[in-house]
Amino acid sequence: MFQQMSVPFAVLDHDRRYVAVNTCYTEMLMRSAQDLIGNNIFDLFPETLERRRRVDAAFRKALAGQPITLSEVSYPIPGLTVDANTPSQLYWNVHCSPVHAADGRVIGFGLRVENVSEVVHARQVKDAIEHELRHRVSNLFAMVSTIARRTAPNHRDIDSFLHGFLARIQALATTNSLLTGDNWDGLTVQALLERQLGGFMSDAGQIEMHGPEIHLSASDAQLLSMAIHELATNAAKYGAISDADGHLTVDWQFTPEGGYFIDWLEEGLSNIRPEKRAGFGTSLLTRILPSQLNGEVQQDFGPNSHHFRLTVSAPRNA
């Protein structure tokens, strides 16, 4: 009956040496009974002093006749993992109960363990997602507030304000809708550009995009989305996208220092109109964007061209 139990169970003596182990216990640890019987549990599975003291305190209580349970003990077993997606740090529920002889003496203790690593890991992921969600919502509110404050001074009536404000909010919403599912941790530069420029793409090849797969954190993707929206809006009003002879090339590459750059080059223009007044779009591109991304911006207007380059020293984590 002991060997056929469906839960891992072992019996240890006062010296913390294995006296008996059932089949489920040996299978869980991927050790044979011969590897365990007669050996001290702490010699077989060394631990940090702090965690060893916690576990041994439970053993002492069991040997004193008091059943005790330790919940979610972090105790990594060398060579043992739950699955490919579970971290090597394992967690166990440890149930210790005294084992009595016929005369009532405590001659050892029973050790029943449960590997609860999957449960703990799932909770950690859930907590991390909730924390990230709160962080993103806070960032979104801050971004919307900034857009409203910086857009309003450039419009004299509510209708014109709403036109510019809602377009920028839509750009933000477009990126935020992408940051779900498989893209929860961020987006690539290419995915962001394709979404923001998709409506302007045509068979004429007026827009070209080239570059490797560069991953952006969620916060960086949201900010860069706003910048691309401003560039695309200007290009559609009086830049490469508005002119039949215009051509837009977007290149991005890694830098030797571990960062990346994005080149936005409009050529073949005939009606360039650089903003004379520093509105929200100009502030976003030349001040907010480089400041928040820890990067640099270069912007040049030629007789028939517009060149914008963003250089980021190193991508930030999501």
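Small disclaimer: the values here were computed from a predicted structure and weren't measured.
By the ring-ring contact (aromatic ring centres under 6.0 Å, His included) test, Tyr18 is found to be paired with Tyr25, residues two or more places apart in sequence or in another chain being considered. Under the rule for a salt bridge (charged side-chain N to carboxylate O under 4.0 Å, His left out), the partners of Arg16 that lie at least two apart in sequence or sit in another chain are Asp56. Applying the side chain to side chain contact (heavy atoms under 4.5 Å, CB included) rule to His95 yields the partners Thr69, Asn93, Arg112, Glu114; only residues at least two apart in sequence or on another chain are considered. For the side chain to side chain donor-acceptor pair (under 3.5 Å) test, no residue two or more places apart in sequence or in another chain qualifies with Ser6. Remark: Arg54 pairs with no residue by the salt bridge (charged side-chain N to carboxylate O under 4.0 Å, His left out) rule, at least two apart or across chains. Taking the side chain to side chain contact (heavy atoms under 4.5 Å, CB included) definition, one finds that Asp159 meets it with Asp157, sequence neighbours left out. Annotation: salt bridge (charged side-chain N to carboxylate O under 4.0 Å, His left out) contacts of Arg105 (sequence neighbours excluded): Asp103. The side chain to side chain contact (heavy atoms under 4.5 Å, CB included) test applied to Leu49 returns Arg53, not counting sequence neighbours. Legend: residues meeting side chain to side chain donor-acceptor pair (under 3.5 Å) with Ser97, ordered by chain and number and at least two apart, are absent. Scored by the salt bridge (charged side-chain N to carboxylate O under 4.0 Å, His left out) test, Glu72 finds Arg123 as partners (sequence neighbours excluded). Shown here are the side chain to side chain contact (heavy atoms under 4.5 Å, CB included) partners of Pro98, two or more places apart in sequence or in another chain: Pro67, His100, Val106.
Residues Gln299 and His306 bring a donor and an acceptor atom of their side chains to less than 3.5 Å of each other. No donor-acceptor contact under 3.5 angstrom links the side chains of Glu267 and Ser305, judged on distance only. In this structure, a donor-acceptor pair under 3.5 Å is present between the side chains of Thr249 and His247.
Although no hydrogens or angles enter the test, the distance criterion places a donor-acceptor pair under 3.5 Å between the side chain of Asn40 and the main chain of Asp15.
Hydrophobic cluster of Val11: the remaining members, joined at side-chain heavy-atom separations below 4.5 Å, are Phe2, Met5, Val7, Phe9, Val19, Val99, Ile107, listed by chain and number.
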